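What follows is one structure encoded as structure tokens, with my remarks underneath.
In this text the structure is predicted, and so the values were computed from the model without any measurement. The figures here come from the full heavy-atom set of this structure, side chains too, leaving out hydrogens, waters and symmetry mates.
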Amino acid sequence: MNYLVSVVLLPILVGSGVASAALLGPLRQRAAIIECCVAYGLAIAFLIAFVREVDLPALLRQLPVELPDDDAPFERWHQLGLVALLLAVVSPTLALLTAALPAQRKVIVMTATLLAACGVAAFVAFPGASNGSRASFAVVCALSSGAIAMCGLRTALGALAVSCFGMAVCAVMTGFPSLAIMCVAVAGTAGSIALVACWRRSPRMHSVAGAISVVSGTLVGTVAACGEAYASGNLPNWTWNALAVAVPVAGALLYRMTTSAKPS
């Protein structure tokens, strides 16, 4: 019980609490504040789950930091924590930048999506990585971010929750429980924020194209690449990428159908 509270419940409470502060507070009419808090909440939930599941030195080992008396091996999959840390740092800046330059929002979002996708594909190397797998990694992140960008807030969070929960099941089936725990933490955070958004509608938040889509797509794409690299058993490797892309695409199609069916 202590483990579940520390590694799963705590990240969910922190991540959803940060987002709920914007959704329920006096600033709920400010789309930029909601975007900033939701994106940061998703990234920080994954980061906390990573640190609580592994340890803080595993994250610091990815940085040019000298750790005294540290002789633990360097694990490539620990780069997931570094990706979450960078997304948590960058997401508020991206949200404020798109709010400050609304006329250039589409260009900024497309540029940020491509930079994030190409950046993680270039610098996050899992075992067996090749030029082809890195290109596929970047494409999955970009497609996932683009599909989520076409959703509304609640639909995007629901798609993210389903995608992460599906990858958690895949991680359990392939003997990767640590990754499963982190996916459950993000799925629970996204689902909790979606429930709060359903309870208190935010009329100014019509699209998640920006910090939320970049954080969500980059996270699920990176998790999918990690799971595919370390997958074992009879589960096909393409299952990870299918969950990372197909679920957000289905969410985008569902959102478009429901919004187009509403009378103007």
Side-chain angles (χ1 to χ4, degrees), residues 38-39 42-43 46 77 79-80 83-84 87 91 106 109-126 128-174 176 179-180 182-184 186-187 189-191 194 207-231 235-259:
V38 171
L42 295 172
F46 190 97
W77 80 269
Q79 292 175 324
L80 288 173
V83 172
L87 290 175
S91 57
K106 288 186 177 180
V109 172
M110 291 177 63
T111 303
T113 299
L114 293 176
L115 285 177
C118 294
V120 292
F123 296 106
V124 179
F126 296 115
S130 62
N131 291 334
S133 63
R134 288 175 182 268
S136 174
F137 183 7
V139 169
V140 169
C141 290
L143 289 178
S144 181
S145 297
I148 292 174
M150 294 188 287
C151 299
L153 179 61
R154 294 177 291 276
T155 307
L157 293 172
L160 178 61
V162 172
S163 181
C164 287
F165 185 77
M167 286 192 283
V169 174
C170 292
V172 171
M173 294 174 62
T174 55
F176 203 163
L179 184 62
M182 298 169 199
C183 290
V184 169
V186 176
T189 303
S207 173
V208 296
I212 298 176
S213 63
V214 172
V215 168
S216 301
T218 305
L219 270 181
V220 296
T222 307
V223 170
C226 179
E228 183 179 1
Y230 289 91
L235 187 69
N237 286 346
W238 55 262
T239 307
W240 298 88
N241 290 333
L243 286 170
V245 176
V247 174
V249 168
L253 294 175
L254 177 63
Y255 178 74
R256 293 301 176 185
M257 287 190 297
T258 54
T259 53

Are [X] and [Y] side-chain neighbours, meaning at least one heavy-atom pair lies under 4.5 Å?
X    : Y    : answer
V214 : L115 : no
V215 : V38  : no
L80  : F46  : yes

Donor-acceptor pairs under 3.5 Å, side chain of residues 219-226 to any protein atom, not counting sequence neighbours: which ones?
from : atom 1 : to   : atom 2 : distance (Å)
T222 : OG1    : T218 : O      : 2.6

Handout entry: Heavy-atom donor-acceptor pair, S133 side chain to A129 backbone, under 3.5 Å
Key =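 Between the backbone of A129 and the side chain of S133 there is no qualifying donor-acceptor contact (under 3.5 Å).
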Exercise for the section: Keeping the roles fixed (side chain from T113, backbone from V109), state whether a donor-acceptor pair exists under 3.5 Å. Expected result: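 Checking the backbone N and O of V109 against the side chain of T113, a donor-acceptor pair under 3.5 Å is found.
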Exercise: identify the closest heavy-atom pair between [X] and [Y]:
X    : Y    : result
A252 : A147 : CB-O, 3.4 Å
V124 : R134 : O-NH1, 4.4 Å
L243 : C170 : CD1-SG, 3.6 Å
A244 : S144 : O-OG, 3.0 Å
Q79  : A125 : OE1-N, 3.2 Å
V172 : A180 : CG2-CB, 3.7 Å

Exercise for the section: Scan residues 237-251 for pairs that pass side chain to side chain donor-acceptor pair (under 3.5 Å), counting only residues two or more places apart or in two chains. Expected result: E228-N241
Within this structure, what is the [atom1]-[atom2] distance for the pair [X] and [Y], rounded to the nearest 0.5 Å?
X    : Y    : atom1 : atom2 : answer
I212 : S145 : CD1   : OG    : 12.0 Å
L160 : C183 : CG    : SG    : 10.0 Å
F137 : F126 : CZ    : CZ    : 5.5 Å
Y255 : R154 : OH    : CZ    : 8.0 Å
M257 : L254 : CE    : CG    : 5.5 Å
I148 : S163 : CD1   : OG    : 7.5 Å

